[in-house]
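Report on the structure given below.
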Amino acid sequence: MPARRVSSGRPHSQLPSGDEGDIDFKHSQGSSSDDHNNEAFAVVAAEFKATWERKLRGRDDKIVQTAEKELHLALQNKETEIADIINDMETIHKDFLEQYAILEDKKRKITAAIAEAQEELIPLAIKYHQANISLGHEVENGQLEGMALIKGACQCMDISVLLLLCI
């Protein structure tokens, strides 16, 4: 905020001195006329000075008011900009949370489907393993029967060959 002008501290009714930059209007008339003229000049000078100071104060006040208005407008613009950024961030965060929740739901569904499939696969695996064991026993028994048949056939063949040789 710019500094305000301070009055000189001299009462408005007092005559300004020549070294303050004011114009000295002394005339070479008689002493009573000079006194009267000096008094009139003092009144006019005091009024002029008061008007001048009011004008300067008014100008300073206008500058301060203008600066305050501009500052207030700039602050409002920044507040609006920040509010918009916050809204954008909240929207992005909300969208992220929604997408994350959707992905987590899909992941849970897939995990649940895998768990269900595993639960179905365990009995199937046990059944398949038992079928393989049973089939293995059947194959083994079949091989033993086949070997027994071959052995019996070989023995019959040996007997037949011996009989043929004997004849």
Side-chain angles (χ1 to χ4, degrees), residues 1-12 14 16 19-22 46-167:
M1 185 151 108
R4 292 185 138 199
R5 294 182 184 238
V6 180
S7 64
S8 65
R10 182 170 39 93
H12 294 297
Q14 189 178 14
D19 50 338
E20 288 181 353
D22 294 334
E47 287 178 12
F48 176 76
K49 183 175 181 182
T51 304
W52 182 256
E53 286 177 356
R54 277 193 305 269
K55 183 178 178 182
L56 287 178
R57 266 186 260 124
R59 188 184 74 197
D60 290 348
D61 289 344
K62 285 182 183 178
I63 290 171
V64 168
Q65 287 175 355
T66 302
E68 286 176 348
K69 285 179 184 177
E70 289 177 3
L71 180 61
H72 183 69
L73 182 62
L75 286 174
Q76 280 182 332
N77 290 340
K78 284 299 174 184
E79 286 174 355
T80 303
E81 185 179 331
I82 290 170
D84 290 343
I85 290 171
I86 289 171
N87 287 337
D88 290 345
M89 288 172 57
E90 288 174 351
T91 302
I92 290 169
H93 185 254
K94 180 183 168 192
D95 290 344
F96 166 76
L97 289 178
E98 288 175 359
Q99 291 175 357
Y100 183 76
I102 290 169
L103 290 175
E104 284 297 313
D105 287 343
K106 287 181 180 179
K107 188 170 97 175
R108 275 189 219 104
K109 287 178 183 176
I110 291 170
T111 304
I114 290 171
E116 286 178 24
Q118 284 177 340
E119 290 298 318
E120 292 175 9
L121 288 177
I122 291 172
L124 290 175
I126 291 171
K127 187 177 176 182
Y128 179 75
H129 180 67
Q130 289 172 345
N132 280 339
I133 291 174
S134 175
L135 188 61
H137 289 308
E138 286 178 28
V139 167
E140 187 177 327
N141 289 337
Q143 283 179 344
L144 289 176
E145 286 177 17
M147 288 171 50
L149 287 173
I150 291 174
K151 182 179 179 185
C154 285
Q155 285 176 352
C156 279
M157 190 68 136
D158 285 340
I159 293 176
S160 300
V161 169
L162 281 177
L163 283 175
L164 281 175
L165 287 174
C166 289
I167 323 193

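One is the number of the first residue; the rest follow in order along the sequence.
Once rounded to the nearest 0.5 Å, the distance linking CD of E79 with NE2 of H72 reads 8.0 Å. Here the CG-CG distance, from L144 to L149, works out to 11.0 Å after rounding to the nearest 0.5 Å. For the atom pair CG (L56) and CG (D60), the distance works out to 6.5 Å, reported to the nearest 0.5 Å. Here I82 contributes atom CD1 and M89 contributes atom CE; the two are 11.5 Å apart, rounded to the nearest 0.5 Å. Taken from CD1 in I110 to NZ in K106, the straight-line distance is 8.5 Å, to the nearest 0.5 Å. Here the CG atom belonging to N87 is positioned 11.0 Å from the CD1 atom belonging to I92, to the nearest 0.5 angstrom.
Checked by atom type and distance alone, the side chain of S134 never pairs as donor or acceptor with a backbone atom of Q130 at under 3.5 Å.
By the 4.5 Å heavy-atom criterion applied to side chains, K55 and T51 are not counted as neighbours.
Sorted by first and then second residue, the ring pair (Phe, Tyr, Trp, His ring centres under 6.0 Å) pairs involving residues 84-115 (not counting sequence neighbours) are F96-Y100.
Under the side-chain hydrogen bond (donor to acceptor under 3.5 Å, both in side chains) criterion, T91 pairs with no residue, sequence neighbours left out.
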Please determine whether salt bridge (charged side-chain N to carboxylate O under 4.0 Å, His left out) holds for the pair R108 and D105, giving the CA-CA distance in whole Å, both sets of side-chain angles, and the decisive distance to 0.1 Å.
CA-CA 5 Å; R108 275 189 219 104; D105 287 343; 2.8 Å; yes
